[in-house]
Amino acid sequence: MKISVILIVSFLFSTLIFSQPDSKFFEKKGEVYFKFSIAEKEEINILTRIISIDNVVGNIVYAYANEEEFNEFLSLGYEYEVLRSPGDVDDVQMSSSLEELGLWDSYPPYDAYINMMYQFESDYSSICKVVDAGNTVQGRKILFVKISDNVNERETEPQFMYSSTMHGDETTGFVLMLRLIDSLLSSYGNDTRITNLVNNIEIWINPNANPDGTYHGGNNTVNGATRYNANNKDLNRNFPDPAEGQYPTGPWQPETIAMINLAQQYNFILSANFHGGTEVVNYPWDTWSRFHPDDNWFQFISHKYADTVQAHSPSTYMNGFDDGITNGYAWYRVVGGRQDFFTYFERGRELTIEISDTKLLPASFLPAHWEYNKRSFLNYIESCLFGIRGVVTDTVGNPLKALVKIAGHDFDNSEIFSDSVSGNYHRLIYSGNYNLTFSAPGFFDTIITNVSVNNLSTTILNVELIPESPVPVELVFFSAKVNGNMVSLSCETVSEINNRGFEIERVSSLTSSIQNWIKIGYLNGFGTTTEKNNYSFVDKEIPSGKYLYRLKQIDFDENYKYSQEIEVDVKPVSFSLEQNYPNPFNPTTKIEFSIPEKSYVKVKVFDILGNLVSILKSEELDAGVHKLNFDGSKFSSGIYYYSIETVGFRSVKKMLLLK
Ligand SMILES: [Zn+2]
C-alpha cells in the first residue's frame, strides 16, 4: 500500500514537472528533452533546423530544445511528450580522489578531471603534452593531450583526434577517453602495438568538449548534465556546414571556435567524436543524401569498428541499424554537425560513434563499455597508417603543401592536401588502383597512375614536384613615372640567366580586356649575369588616358615570361574640346573634352539662333579625359553648337543633327 502511494505521488510529481516547460523551467535547465511522432520522414529536414534531434526510431523523434527553439517547435502544432532529462541522475557515482578515478568506475569532479590531464603530462612528459585549446562560455577548459614519441615536434606523421562529450550529458566516452590516455601512456614501451602507434602517429585526445554541459549541476557532480553548452546551444549543430554555409545555426560558440582553430592549425586526417543515447557508428554525410566518394571506405572502417566491438560484447550491444553502422543522413539529417565539418572543410575523415544507449551511463557500467570498445579504439587509431601515404617535396627536399587528387574519384572536397609544415599526406581509401595527381602553385602537376593499395595495408608514395620554370631573370622592380604626355619606365634585375632582352608592351586600360597589347620598344638583356642591372625606357607623346604596361622577358631559346602589369594615368597637358562623334548624328552623339587640372566645367548646347537648349554638365571635374552623351531625339534636324567653359578656357564646336 505504502509503495503504491509513493508511486502515485512520484508519478504526479513527474507529470507536474515535465508536462509544460515554462520560462522558469528553462531558466534552471536551459533545455527540454521530449518526443513526438511524425507522419513523413521528410518532416525531419525542416525540424532539424529548429530543434536538436537526438534520435529517430521509426516515426518517433526524440529531441532537445532551448526555450526559443521549443517555442518555434510549439508553433508547428505537434503533439509531444516531455521526458525526464537524461542528465538528471540522482545517484551518480563521483570519484573522491585521482586513485579512485583510476579504477575507472566513477565520474571525475571537474577539478579532478583537469588535475588528471596535467598529471598525465607530468608522469609521462617525454610522450605526453597537454594542449589547452581554449575556454568554454563559463571559463572551463577544453583540454587535449597530445601523445607522440617526439611530443614537442611536428613530425612527418599523421595527426589523429578523438574527442568526446560535445553533448555534455553523453558521458560514457568522457571516462573511456581518460582511460584510453592512461592505457596508451602506461603501455608505451611494454606493448609492441601501442608503442608502434605512439611512435608513428600524433594522437590527440580531448575527453570532454563541453564541460559546461557536463557540469551544469556544479563542478562536483555530473548529475544535472545538459546536452547543450552554457548558452543553451547544441555544439554539434554549430559548425560550418557543407550545404548550409558558415553559420547554419547562428554564431559560433566559444567551444566551436576553439575546435575550428585547432582544426585549422593542424591537419587531422582521421578523427571521431563520441556520443551516447544509442549504439552505432555513424559516418558522413549528415547534411545531404548523396554519398561521400569514399563511401565504401567509410562503410569498411565503420564495420571494422562495430564488428570488433560485437565480437567482445553481449549480443545486444551495438547491434542495431545496419549491423551497427549507419550513414548519417539515412538516420536523420543533421546540419552544422562536427563530422561533416571535419570531413568537408578540413579534408579529414570523421565518424560519430555512439557508445551507450544510456547517455549518462551508471558509472558501474563504464568498465564493461571499456572492454567492449578498447580494441576498436586502437584499431581506429591504427587505420590512419593505412592507405596511400608519403611526403611531397620540391626537387631539393623542401616540404610542399600540394593538392592530392584522385582522377575520376574525388569530389565534394574529398581530395586532400599534404601538410604544409612536413609535406606528408595520407590518403585513406578503399582497396583498388588509382591515378593520383599532385599539384602545387609554381610546380608542374605530377600524375602517378595505377597506384595499387589494399585495405589494412600501406602504399608509400613519395613525390618530388618539379618547378614550372627556373626563374631565369629575377626582376626586383618595374615602375613607371608620368611626366606630361611621357611615361618613363624603369626596371632592375639582380640576376639574369640566358636573357636576350625585354619587349615593352602597352595597352589602353579601356581595351585591355580584349588583349590588344602593342609592342612599343625593346631593351637588350645582359645574357647571364649575377650583377645588378638597371633598364629604362621613355614612351613619348601618348594621348591622355589610362594605360597598362608590361615587360615580356625573352631568353635566347625564345621562351618568354611576362612581368606584372602596372597602370599609369596620363593626364591631358592642356584643355581641349574634341569634335563630336558621330557627326552628323541621329539622335545621339559623343562629346569628348580634356582638362589638365581639377576644374569647374560647364558644357552647353545651343541652337543655330544661339538659344541655350541643354546643359550637359555643370560641376567640378577631375583632371583627365571626359566623355558626354548628347541625345538630340527631342530636337529637330539642323546645326547645333556645343561649348565648354572653364576658368581660362572656352571653346565652341559645331555639329549636325540629321533626322
Ligand atoms: Zn550526442
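Just follow the structure's listing: the first ligand is 1, and inside any ligand the first atom is 1. These figures come from a predicted structure and were not determined experimentally.
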For residues 167-177, tabulate all N or O donor-acceptor pairs below 3.5 Å that involve a side-chain atom, not counting sequence neighbours.
| from | atom 1 | to | atom 2 | distance (Å) |
| --- | --- | --- | --- | --- |
| H167 | ND1 | E170 | OE1 | 3.3 |
| H167 | ND1 | E170 | OE2 | 3.3 |
| H167 | ND1 | H275 | ND1 | 3.0 |
| H167 | NE2 | D234 | OD1 | 2.8 |
| H167 | NE2 | D234 | OD2 | 3.3 |
| D169 | OD2 | Y64 | OH | 2.6 |
| E170 | OE1 | H275 | ND1 | 2.9 |
| E170 | OE1 | G276 | N | 3.1 |
| E170 | OE2 | R227 | NH1 | 3.3 |
| E170 | OE2 | K359 | NZ | 2.8 |
| T171 | OG1 | Y107 | OH | 3.0 |
| T172 | OG1 | S356 | OG | 2.7 |

Taking distance alone, no hydrogens or angles, what donor-acceptor pairs closer than 3.5 Å link side-chain atoms of residues 300-308 to residues at least two apart or in another chain?
| from | atom 1 | to | atom 2 | distance (Å) |
| --- | --- | --- | --- | --- |
| S302 | OG | F298 | O | 2.7 |
| Y305 | OH | N373 | OD1 | 2.8 |
| T308 | OG1 | K304 | O | 2.8 |

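Ring planes of Y344 and W285: perpendicular class, angle over 60° (limits at 30 and 60°).
If you count the protein N, O or S atoms nearer to the Zn ion (ligand 1) than 2.8 Å, you get 4.
In terms of the salt bridge (Lys or Arg N to Asp or Glu O under 4.0 Å) criterion, residue partners of R49 (sequence neighbours excluded) are, by chain and number, E244.
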Exercise for review: Show your working on side chain to side chain contact (heavy atoms under 4.5 Å, CB included) between M94 and V222 and close with a plain yes or no.
Suggested key: CA-CA 8 Å; M94 302 299 294; V222 298; 4.0 Å; yes
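Using a 4.0 Å cut-off between charged nitrogen and carboxylate oxygen, E255 and K233 do not count as a salt-bridge pair.
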